Amino acid sequence: MTTTGQTSFPTTSKHLIPIPMTADDTPEIDPYETLAGSDQPFWADAAADAIEARSPDEPIVIKGGVSPSGIPHLGHVNEILRAYYVAEALRARGHEVRQVFTSDDRDRLRKLPRQLADLDGNIVGLGDVDAGALGRNLGRPYTDIPDPFGVSDSYGEHFTELLHRSVDDLGIDVEFVSNTRLYEDGEFDEVVRHVLTNRERAREVLSAYQDKVDETYVPFFAICEACGQLTETITDVDLDASEVSYACTDIDTGEQTISGCGHEGTVSIRNGKLPWRFEWPAQWKILDVDFEPFGKDHAEGSWPSGVDIARNVVDVELPVPMVYEWFTLEGEALSSSSGHVVTVDEVLDLLEAEVLRYFFVKEPLKQRDFSVERIDQLVDEFDRFERTYFGERETTESDREFVERAYPMVVTDPREERIRIPYTFAAVLGMTDDEDLREEIARKEGHIPEDAPAWAVEDALGRIERARNWARRTGNEFDYELKRTELPTVDFDDRVEAALDDLAAFVAEGHDGETIQGEIYETARRHDVDVGEFFAAGYRLFFDDEQGPKLGTFLGKLDREFVVARLRREQ
RNA sequence: GGGCCGGUAGCUCAGUCCGGCAGAGCGACGGACUCUUAAUCCGUCGGUCGCGUGUUCAAAUCGCGCCCGGCCCGCCA
């Protein structure tokens, strides 16, 4: 994890001058409007237009950020990918762009997640770590909590690292910034001092948004020297010393109350944090943010107050906002705490990174469902997206314009020779572990051109393992597995058994797959067995299933003794 | 109480900004490949565009009013 190389601010500054207490109308800026009314075929270009319209200084800064509260899932990646496409759109126009992502790791742990994940992404239950020890850290900043796995420096660093790895796996290069480091290194000093200097004003502005703000409210949380909790009761502010005094009182997190230790003390403003509503605009100022995408959860609360605070307290120009809808997983909201999540790690076992990148290139304001069950549809859609780019299929003009712009951002090295084996067919090929056989069948069925370059063949075959993982994970109709070691339980009537013996004899003579396929029909007819019934018998024998791949072709590829013995129900 | 998204073919969705013949993929059905089973190819089937209403020569598309589904905010972050 890296931090920004910001220079320190001088201790005296014009920003320490109190802002006069005047009422100020803040025209609303609707974050839903950024993409509305644009005639751009790709939404990221609409966002880029809005950014360019402000003539920002280079490099243009695109930000995002989340708290490292637990297992990073697809929702967290969404935040980064949305920003990424906007950054790419600007880069394609020749701008220099910094995409930064703040890990809001000084936020406090408010409740224990039900699941955690180790650095390899293996998901474990809370009971598999020392939950009691973790529980004693409620109310403390993530970066002050020991890593439950004992590897990283802190809980915060652990989960930030996991997210960083997910982003790396997607091939996205983002500058990660630790919020804690920004405080520790003094990057926040000036803006914190400014907010505290104008705390009357801050109180007045925020009170329009939060009822709990009263005369005693001070916009700062201090880290208690005794117990490490972020306490909200600030009893005194010493701007000359850049210190605050506090009393460690109970914290009401809404769901539960975290008891304070009662300690009273004084700490530097580097040992604490601004409340989120102030911290967000403060980040805009420190990092000089030009564009900020955020989930719809921020659209009604944090954003309007952030606009007000940016203008009337922090004194910073607003970034261009953009709201994105959250998506669902199998039709239901993602939830770290309840464990209804899917990680990037898991998804990349099922499909290629570019397919996942494609998922996030679609309209941000549409609520979409990510379904493992129907991943084949997503992959098929991606394959069409790719074929459209290479002009291999017809589509509408607007779709073509979208694809031409978006595809190079999804697949960063477009190569026309690339081969995609249809996903469900790849799942069928997954029935065998024999890699040569996989390739042979794929070639035979026309999914790999004669003159395909080796790299393209290798890439294409890589999908088979993923599709097989998918078939197994979902246990769907493509979950074929050759029952090689033991004979499935079978119960055939005499005619079927006679037909199988007959077919065994034919196979023993040595024929290729095509011929065997034809003979299956002939044999069935000769023995007055329904063709469908006979195929079903074959699938039962070899796959313990009602259906499977094209049988004759497949049997022709297996070693003959095994096929003959199995047809005779001997092995 | 408020916000946003969605409702178009059996399924998943595009089309709505900017009104002008109702679209794609999957699916189902029929056929071809000496051969009902993955794939491939050909063909067929598919829709009261959630409901109502207004505007218009013309509405899936624009306005208004509803209904249904989902999520979010009104604690915290």
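Because the structure is predicted, anything quoted here is derived from the model rather than measured. To find a chain, count down the sequence lines: A is the first, B the second, and so on, and within it residues start at 1.
By the 4.5 Å heavy-atom criterion applied to side chains, A:Tyr155 and A:Asp105 are not counted as neighbours. Side-chain contact check for A:Trp43 versus A:Tyr85: some heavy-atom pair is nearer than 4.5 Å. Under the 4.5 Å side-chain criterion, counting only non-hydrogen atoms from C-beta, A:Ile251 is not in contact with A:Thr257.
Rounded to a whole angstrom, the distance from the C1' atom of B:G50 to that of B:C68 is 7 Å. When the C1' atom is compared between B:U53 and B:G6, the two are found 22 Å apart, to the nearest whole Å. Comparing the C1' positions of B:A22 and B:G3 gives a spacing of 32 Å, expressed to the nearest Å. Spacing of C1' atoms, B:G2 relative to B:C62, comes out at 25 Å, to the nearest Å. Using P as the reference atom, B:G52 and B:A60 are 13 Å apart when rounded to the nearest Å. If you take atom P in B:C49 and the same atom in B:C5, they sit 23 Å apart, rounded to whole Å. If you take atom P in B:A28 and the same atom in B:C18, they sit 41 Å apart, rounded to whole Å. Nucleotides B:G47 and B:A39 are separated by 25 Å at their P atoms, to the nearest Å.
The residue A:Trp326 sits close only to the backbone: its heavy atoms come under 4.0 Å of sugar-phosphate atoms, none of a base. Residue contacts shown for A:Ser302 include a base, since a base heavy atom lies under 4.0 Å away. If you check every strand for non-hydrogen atoms under 4.0 Å, A:Phe221 touches sugar and phosphate atoms only. No engagement by A:Arg106 is indicated, since no non-hydrogen atom pair under 4.0 Å with the nucleic acid exists. Across all strands, A:Glu332 comes closer than 4.0 Å to no nucleic acid atom at all (heavy-atom distances). As judged by a 4.0 angstrom heavy-atom cut-off over every strand, A:Arg384 is placed among residues touching the sugar-phosphate backbone only. Within 4.0 Å of A:Asp107, counting heavy atoms only, lie sugar-phosphate atoms of the nucleic acid but no base atom.
Exactly one of A:Phe390, A:Phe42, A:Phe402, A:Tyr358 qualifies for a ring pair (Phe, Tyr, Trp, His ring centres under 6.0 Å) with A:Tyr407. That residue is A:Phe390. Tested against A:Leu350, the residues A:Glu465, A:Arg468, A:Arg473 include a single side-chain contact (heavy atoms from CB on, under 4.5 Å) partner, A:Arg473.
The side chain of A:Arg525 lies closest to B:U36, out of B:U36, B:C4, B:A77. Between B:U36, B:C76, B:C71, one nucleotide has an atom nearer to the side chain of A:Lys212 than all others, and that is B:C76. Residue A:Asp530 has its side chain nearest to B:U36 when only B:U36, B:A38, B:A77 are considered. Distance from the side chain of A:Lys296 is smallest for B:C4 among the nucleotides B:C4, B:A39, B:A77. Looking at the side chain of A:Val428, the nearest of the listed nucleotides B:A38, B:A77, B:G70 is B:A38. Nearest to the side-chain atoms of A:Glu325 among the listed nucleotides B:U36, B:G70, B:A77 stands B:G70.
One interatomic measurement links the two molecules: CG of A:Asp297 to C1' of B:C73, which rounds to 9 Å at whole-angstrom precision. When the P atom of B:G25 is taken as reference, atom CZ of A:Phe425 falls 21 Å away, rounded to whole Å. Atom CZ of A:Phe370 and atom C1' of B:G70 are 19 Å apart (whole Å). Rounding to whole angstrom units, CD of residue A:Glu300 and P of B:C71 are separated by 16 Å. A straight line from CZ of A:Arg110 to P of B:A77 spans 8 Å, rounded to a whole angstrom. In this structure, the NE2 atom of A:His298 is 11 Å from the P atom of B:G74, given to the nearest Å. The interatomic distance linking A:Lys273 (NZ) with B:C76 (P) rounds to 12 Å, in whole Å. For the pair A:Arg393 CZ and B:C26 C1', the interatomic distance rounds to 13 Å; values are reported in whole Å.
A distance of 5.5 Å separates CG of A:Asp544 from NZ of A:Lys483, quoted to the nearest 0.5 Å. A:Phe385 contributes atom CZ, which lies 8.5 Å from atom CG of A:Asp399 (distance to the nearest 0.5 angstrom).
Evaluation of the salt bridge (charged side-chain N to carboxylate O under 4.0 Å, His left out) rule for A:Arg368 yields no partner, not counting sequence neighbours.
A cation-pi arrangement is not found for A:Arg463 relative to A:Tyr423, the charged atom failing to lie both closer than 6.0 Å to the ring centre and inside a 45° cone about the ring normal.
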* Structure fact -> Each base of RNA chain B marked ( ) or [ ] if paired in-strand (Watson-Crick or G-U under 3.5 Å), | if paired to another strand and . if unpaired gives ((((((((.[[[[.)....(..]]]]((((((.......))))))....[[[[[..)....]]]]])))))))....
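With hydrogens and angles disregarded, a donor-acceptor distance shorter than 3.5 Å links the side chain of A:Gln229 to the backbone of A:Ser259.
The shortest non-hydrogen separation linking A:Gly295 to A:Val323 is C-CG1, 4.2 Å.
Between A:Trp276 and A:Phe221, the distance from one ring center to the other does not fall under 6.0 angstrom.
Annotation: of the two residues near RNA chain B, A:Glu522 and A:Tyr32, the 5′-most nearest-nucleotide partner is A:Tyr32. Heavy-atom nearest nucleotides on RNA chain B were determined for A:Leu365 and for A:Pro275, and the one closer to the 5' end corresponds to A:Leu365.
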* **Per-nucleotide protein contact string for nucleotides 11-20 of chain B (B base, S sugar-phosphate only, - none; heavy atom under 4.0 Å)** => -S-S--BB--
